[in-house]
Amino acid sequence: MSVQQPRVSPTQFQQRVYQLVEKIPAGRVVTYGWLARQLGCNSSRAIGQALRRNPFAPRVPCHRVVGKNRLLTGYQGLTENQSLSRKQNLLSSEGVEFDGDGKVQPHYVIG
DNA sequence: CACCTGACATAAT
DNA sequence: AATTATGCCAGGT
């Protein structure tokens, strides 16, 4: 029988990112840059990498992380609109609202 | 082992 | 105002 084995231990950096993301309450979102600052890291890009890498399933609500412009940049490692709309749906079901441009309304962003 | 690339953000040109 | 360069971190080639 197949066992889902953790590929490799997440790096220390990734663990910190995940821990932080786990704290994001439903119905709120944060930006990559915000996370980066919380971690004292000067690169939001690194955050994106950590999340992209497919965190352990829904354990880490990575769908609550958006760009600074409040656009949804990616989900499940993909940048396709289809994935993005799913991300959007998830957020919607948590009560987050969007404007006509597909940006989350500023009110929901922490920071 | 060296180089490229990416779910970003910001400062400098 | 628009493009380019830098920062950071890990995986992939």
Side-chain angles (χ1 to χ4, degrees):
Chain A
M1 49 194 251
S2 60
V3 180
Q4 293 186 7
Q5 218 168 348
R7 313 169 270 292
V8 289
S9 315
T11 65
Q12 198 178 346
F13 178 72
Q14 288 167 348
Q15 291 185 32
R16 282 199 299 268
V17 174
Y18 301 153
Q19 277 185 34
L20 202 47
V21 172
E22 278 177 314
K23 295 186 197 156
I24 307 172
R28 311 291 320 263
V29 299
V30 300
T31 67
Y32 295 92
W34 186 86
L35 288 174
R37 284 187 40 174
Q38 301 301 306
L39 293 179
C41 147
N42 196 25
S43 175
S44 42
R45 190 175 222 174
I47 303 293
Q49 279 316 304
L51 297 181
R52 175 199 174 229
R53 178 74 192 140
N54 185 4
F56 306 63
R59 183 184 113 186
V60 174
C62 45
H63 58 274
R64 296 182 194 147
V65 185
V66 306
K68 175 151 199 208
N69 50 21
R70 290 167 335 228
L71 280 171
L72 309 191
T73 49
Y75 186 57
Q76 291 192 326
L78 307 169
T79 61
E80 306 170 2
N81 287 332
Q82 190 169 353
S83 304
L84 297 184
S85 18
R86 289 203 288 151
K87 182 168 176 177
Q88 185 174 16
N89 285 333
L90 277 172
L91 290 172
S92 296
S93 59
E94 293 182 351
V96 178
E97 304 178 286
F98 296 78
D99 63 16
D101 302 328
K103 300 180 175 183
V104 308
Q105 300 205 1
H107 171 61
Y108 298 98
V109 184
I110 298 178

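Just so it is clear, the structure is predicted and the values come from calculations on it, not from any experiment. Residue numbers start from 1 in every chain, and the chains themselves are labelled A, B, ... in the order their sequence lines are given, proteins ahead of strands.
In terms of modelled atom types and a separation under 3.5 Å, the side chain of D99(A) and the main chain of D101(A) share a donor-acceptor contact. Judged purely by atom type and a 3.5 angstrom limit, S85(A) uses its side chain to pair as donor or acceptor with the backbone of N81(A).
Between K87(A) and H63(A), the shortest heavy-atom contact is CE-O, 3.4 Å. Closest approach of A50(A) to Q14(A), counting heavy atoms only: CB-CG, 4.1 Å.
Inter-residue side-chain proximity for R64(A) and L91(A) is flagged as met; some heavy-atom pair is nearer than 4.5 Å.
Taking atom P on both nucleotides, dT5(B) is separated from dT4(C) by 16 Å, rounded to a whole Å. Taking the C1' atoms as reference points, dT10(B) lies 22 Å from dA10(C), given to the whole Å. The P atoms of dA5(C) and dC4(B) are separated by 14 Å, rounded to the nearest whole Å. With C1' as the reference atom, dA2(C) and dA7(B) are 24 Å apart, rounded to whole Å.
The distance from the CZ atom of R16(A) to the CD atom of Q12(A) is 5.0 Å, given to the nearest 0.5 Å. In this structure, CG on L35(A) lies 10.0 Å from SG on C41(A), to the nearest 0.5 angstrom.
If you check every strand for non-hydrogen atoms under 4.0 Å, T11(A) touches sugar and phosphate atoms only.
At whole-Å resolution of the value, CZ in R52(A) and C1' in dC9(C) are 13 Å apart. Going from atom CZ of F13(A) over to atom P of dG11(C) covers 12 Å, rounded to whole Å. For Q14(A) and dA10(C), the CD to P distance is 6 Å, given to the nearest whole Å. Rounded to an integer number of Å, the gap from Q76(A) CD to dA7(B) C1' is 12 Å. Across the protein-nucleic acid pair, L84(A) atom CG and dA7(B) atom P stand 11 Å apart, rounded to whole Å. Distance L71(A) CG to dA7(B) C1': 12 Å, rounded to the nearest Å. Taking atom CG of residue L91(A) and atom P of nucleotide dA7(B), one finds them 19 Å apart after rounding to whole Å. The distance between atom CD of Q49(A) and atom P of dC4(B), rounded to the nearest whole Å, is 16 Å.
Checked against dC8(C), dA10(C), dA7(B), the side chain of R45(A) finds its nearest nucleotide in dC8(C).
One finds a side-chain N or O of K68(A) lying less than 4.0 angstrom from the OP1 or OP2 phosphate oxygen of dT10(B).
Residues from residues 16-43 of chain A with heavy atoms under 4.0 angstrom of DNA chain C, sorted by number: N42(A), S43(A).
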